[in-house]
2 protein chains.
Amino acid sequence: MTQNETLVYQLLCDADRPLSAYNILDALRDKGIRAPLQVYRALAKLVERGAVHRIESVNGFVACQLHDCGGSEVSIFMLCNQCERANEFTDTSIDSRLQSLGNDRGFQAAHKVIEITGLCADCQTAQTTVQKH
Amino acid sequence: MTQNETLVYQLLCDADRPLSAYNILDALRDKGIRAPLQVYRALAKLVERGAVHRIESVNGFVACQLHDCGGSEVSIFMLCNQCERANEFTDTSIDSRLQSLGNDRGFQAAHKVIEITGLCADCQTAQTTVQKH
DNA sequence: TCAGTGATGTTATAATATAACATGACTGTT
DNA sequence: AACAGTCATGTTATATTATAACATCACTGA
Ligand SMILES: [Zn+2]
Ligand SMILES: [Zn+2]
Ligand SMILES: [Zn+2]
Ligand SMILES: [Zn+2]
């Protein structure tokens, strides 16, 4: 792993939510990262190798939470609109069903995106509490 | 439906692939649409009402292909990287499995995104043909 | 020494999306 | 008619996300 990749990857591992490329740029300015391209290049490599995932719904990036996604199963993300936390899961049933849905139509899948946005359990109770006042 | 919404919706219905907001802007300049905001406002309404879907993977928009998505089931898009066509499906099994995956964790889902990118059947055969030369 | 390769750095620019403010059209009420 | 309320519209400026183009540097193996 190169210098810049290490910096970006460490930052993402420490973060508790998806970061945008420019979030990363700002956070790493004093570590020698000065231009967007340095971040995007590192991200491209990390994503390619499965260490990091791009979250399409928020134009952000997270470190993989499942043993570097060695497995080939599709990742499912639950994204809280309030606390912004992202949780990664896999599900064999969804994966195989999606696979056959493509096969039925002769579609050769290269990449699959499954993202659910909404309110996580914590933020729901927090909101209920506020409403009680 | 307002004037601008109608213009944008008709254009999307006629298109055979997802269009970006700026694609739409360019196409409708001579119909009186002059600024990005006019497009984005129309799109927001159309998406809210289910007549149009946003495709996160390509930052584009398509008209709903399934009776205006009156049904509550999640839409599944297959996106060809080559011809750029987008096809919309639903699948009861995936929808319910995804639902329970959220329920198990107390997650209150607001929006679900399922997108598969790759090569459609047509473009695969086209590519094979080319390789034979 | 030298060519080849991949990482880096830098500047400029493209593509996508929203903020802020002003105006216009319509509705129902007084 | 006069007025307030609401929603659609228009316009300018700006924020956010992503890539193009070009120059340089560090390492590796002839
Ligand atoms: Zn993963
Ligand atoms: Zn939350
Ligand atoms: Zn639909
Ligand atoms: Zn195709």
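Chain naming here is simple, since letters A, B, ... match the order of the sequence lines and numbering starts at 1 in each. Side-chain atoms are counted along with the backbone in the values below, which use heavy atoms only and exclude waters and symmetry mates.
In this structure, A/R49 fails the cation-pi test against A/Y9, since its NZ or CZ atom is not both closer than 6.0 Å to the six-membered ring centre and inside 45 degrees of the ring normal.
Dashed line: the shortest gap from a side-chain N or O of B/Y40 to OP1 or OP2 of C/dT18 is not under 4.0 Å. The phosphate of C/dT8 (OP1 or OP2) has no side-chain N or O of A/Q38 nearer than 4.0 angstrom. At the phosphate of D/dA8, OP1 or OP2 sits under 4.0 Å from a side-chain N or O atom of B/K45. A close approach under 4.0 Å does not occur between any side-chain nitrogen or oxygen of A/S20 and OP1 or OP2 of D/dT16.
For the residue pair B/A86 and B/Q65, the shortest heavy atom distance occurs at O-NE2, 2.9 Å.
Between the side chains of B/N23 and B/S20, at least one donor-acceptor pair of N or O atoms lies under 3.5 Å.
Within the nucleic acid shown, A/A35 comes within 4.0 Å of at least one base atom, counting heavy atoms only.
For B/N59, the side-chain atoms get nearest to C/dA17 when compared with the rest of C/dT8, D/dT19, C/dA17. Residue A/L37 places its side chain closer to D/dA21 than to any other of D/dA21, D/dG10, D/dT17. Nearest to the side chain of B/N4, among D/dT19, D/dT9, C/dT16, sits D/dT9.
Taking atom CZ of A/R34 as the reference point, atom P of C/dT8 lies 13 Å away to the nearest angstrom. Counting to the nearest Å, the P atom of C/dG6 and the CE atom of A/M1 are 19 Å from each other.
In this structure the side chain of A/D95 never reaches within 4.5 angstrom of the side chain of A/T90, judged on heavy atoms.
The base of C/dG6 does not come close enough to the side chain of A/R41 for any donor and acceptor atom to sit less than 3.5 Å apart.
Judged by centroid separation below 5.5 Å and plane tilt below 30°, A/Y22 stacks onto the base of D/dT17.
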